[in-house]
*Asks:* 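Can you keep this structure in mind? I'll have questions shortly.
Just so it is clear, the structure is predicted and the values come from calculations on it, not from any experiment.
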Amino acid sequence: MFQLLETFIAVYETNSFTKAANALYISQPTISVHIEKLEKELDVKLFERNARNRIEKTEAATLFYEKAKQILNGWESGKEELAALSGKARRKYTIAASQTIGGYLLPQIMNALGQLYPQINFEILLDNSTNVYKAVHMFEADLGLVETPEVYPDMDRTIFMKDQLVILGDRELERWILREEGSGIRQYTEMYLKEQQILPEEKSSQAVML
């Protein structure tokens with residue numbers, strides 16, 4: 001079953017049977033067989049072929065994609081934990097962090113974490129806050145560190161430190177430089193603009209660490 005899920009995810013993400021076959025190093029007919037078996041097991045159609053022999057994702061495929069990712073990621077995480085428990089391998093622990101936290105905070109603590117937990121291989125994923133939430137939700141990360149005020153119903157949030165944002169420049173200027181969409185700092189900036197009833201005529205998004 002896990003092989004079928006892996007094939008489904010590859011086809012969904014590449015939108016192509018051929019590209020999925022190349023990514024998984026198996027033949028295209030094998031890809032087709034796997035998808036057919038999975039569709040039979042689920043009793044739904046996952047992909048449709050159009051006139052140009054291109055595939056289109058069905059609503060069922062879109063709905064099932066997140067579940068499939070969670071199942072596979074949970075399985076891999078479980079195997080790693082069991083291997084670490086038996087002493088056969090070091091456990092991998094993935095920390096997903098926003099760009100600001102990843103750039104400034106994690107470098108200060110990673111050495112100490114390595115010394116405290118020598119049996120663990122720490123992996124760091126850097127992205128904006130929205131994608132960090134997604135990584136934790138999809139079991140692609142064990143822990144997420146963000147600044148965003150967003151709350152997800154299926155996740156526990158704990159405040160681990162506080163910081164203060166300051167305005168750099170004249171707040172009366174018509175042009176504001178903001179972080180990119182999905183950034184926690186961007187969300188707080190938008191909240192501030194709304195609270196202060198500031199309507200800049202021009203907003204410029206910058207994907208930089210501030």
*Asks:* Taking the side chain as every heavy atom from C-beta outward, state whether F17 and I35 have any pair of such atoms under 4.5 Å apart.
*Replies:* yes
*Asks:* Roughly how far apart are I71 CD1 and M1 CE, rounded to 0.5 Å?
*Replies:* 8.5 Å
*Asks:* Just grab all the salt bridge (Lys or Arg N to Asp or Glu O under 4.0 Å) pairs involving residues 16-35, residues at least two apart or on different chains.
*Replies:* none
*Asks:* If only atom types and distance count, is the side chain of D127 paired as donor or acceptor with the main-chain N or O of V132 below 3.5 Å?
*Replies:* no
*Asks:* Any carboxylate oxygen within less than 4.0 angstrom of a Lys/Arg side-chain nitrogen, looking at R186 and E190?
*Replies:* yes
*Asks:* Please name the pair of heavy atoms, one in N128 and one in N131, separated by the smallest distance, quoted to 0.1 Å.
*Replies:* OD1-N, 3.0 Å
*Asks:* Take a 6.0 Å sphere around CD of Q3 and say whether it holds more than 12 heavy atoms from other residues, nucleotides or ligands.
*Replies:* no
*Asks:* A side-chain contact here means heavy atoms from C-beta on lying under 4.5 Å apart; do H34 and L38 qualify?
*Replies:* no
*Asks:* Looking at residues at least two apart in the chain, or sitting in another chain, which of them share a side chain to side chain donor-acceptor pair (under 3.5 Å) with Q187?
*Replies:* T148, E150
*Asks:* Could you give the distance from CD1 (I95) to CG (L113), rounded to the nearest 0.5 Å?
*Replies:* 6.0 Å
*Asks:* Rounded to the nearest 0.5 Å, how far apart are CZ of F160 and CG of L105?
*Replies:* 5.5 Å
*Asks:* Sequence neighbours left out, what passes side-chain contact (heavy atoms from CB on, under 4.5 Å) with E6? Give chain and number order.
*Replies:* L24, L72
*Asks:* Looking at every non-hydrogen atom in both residues, tell me the closest pair between T18 and Q28 and how far apart they are.
*Replies:* OG1-OE1, 2.8 Å
*Asks:* Mind checking what makes ring pair (Phe, Tyr, Trp, His ring centres under 6.0 Å) contact with Y188, not counting sequence neighbours?
*Replies:* none
*Asks:* Between A141 and A96, which heavy-atom pair has the shortest distance, and what is it?
*Replies:* CB-CB, 3.7 Å
*Asks:* Of all residues at least two apart in sequence or in a different chain, which pass the side-chain contact (heavy atoms from CB on, under 4.5 Å) check with A61?
*Replies:* F8, Y12, L46, K57, T58
*Asks:* Please report the interatomic distance CD(E41) to CD(E36), rounded to the nearest 0.5 Å.
*Replies:* 14.5 Å
*Asks:* Which heavy atom in L5 sits nearest to a heavy atom in A68, and how many Å separate them?
*Replies:* CD2-CB, 4.1 Å
*Asks:* Does anything in residues 99-120 form a salt bridge (Lys or Arg N to Asp or Glu O under 4.0 Å)? List the pairs, not counting sequence neighbours.
*Replies:* none
*Asks:* Looking at K45 and A60, what are the two nearest heavy atoms and their distance?
*Replies:* O-CB, 3.8 Å
*Asks:* Using a 4.5 Å cut-off on heavy atoms from C-beta on, say whether the side chain of T94 contacts that of E140.
*Replies:* no
*Asks:* Identify the heavy atoms of A97 and L106 that sit nearest to each other, and give their distance.
*Replies:* CB-CD1, 3.7 Å
*Asks:* In Å and rounded to the nearest 0.5 Å, what is the OG to CG distance from S98 to L125?
*Replies:* 12.5 Å
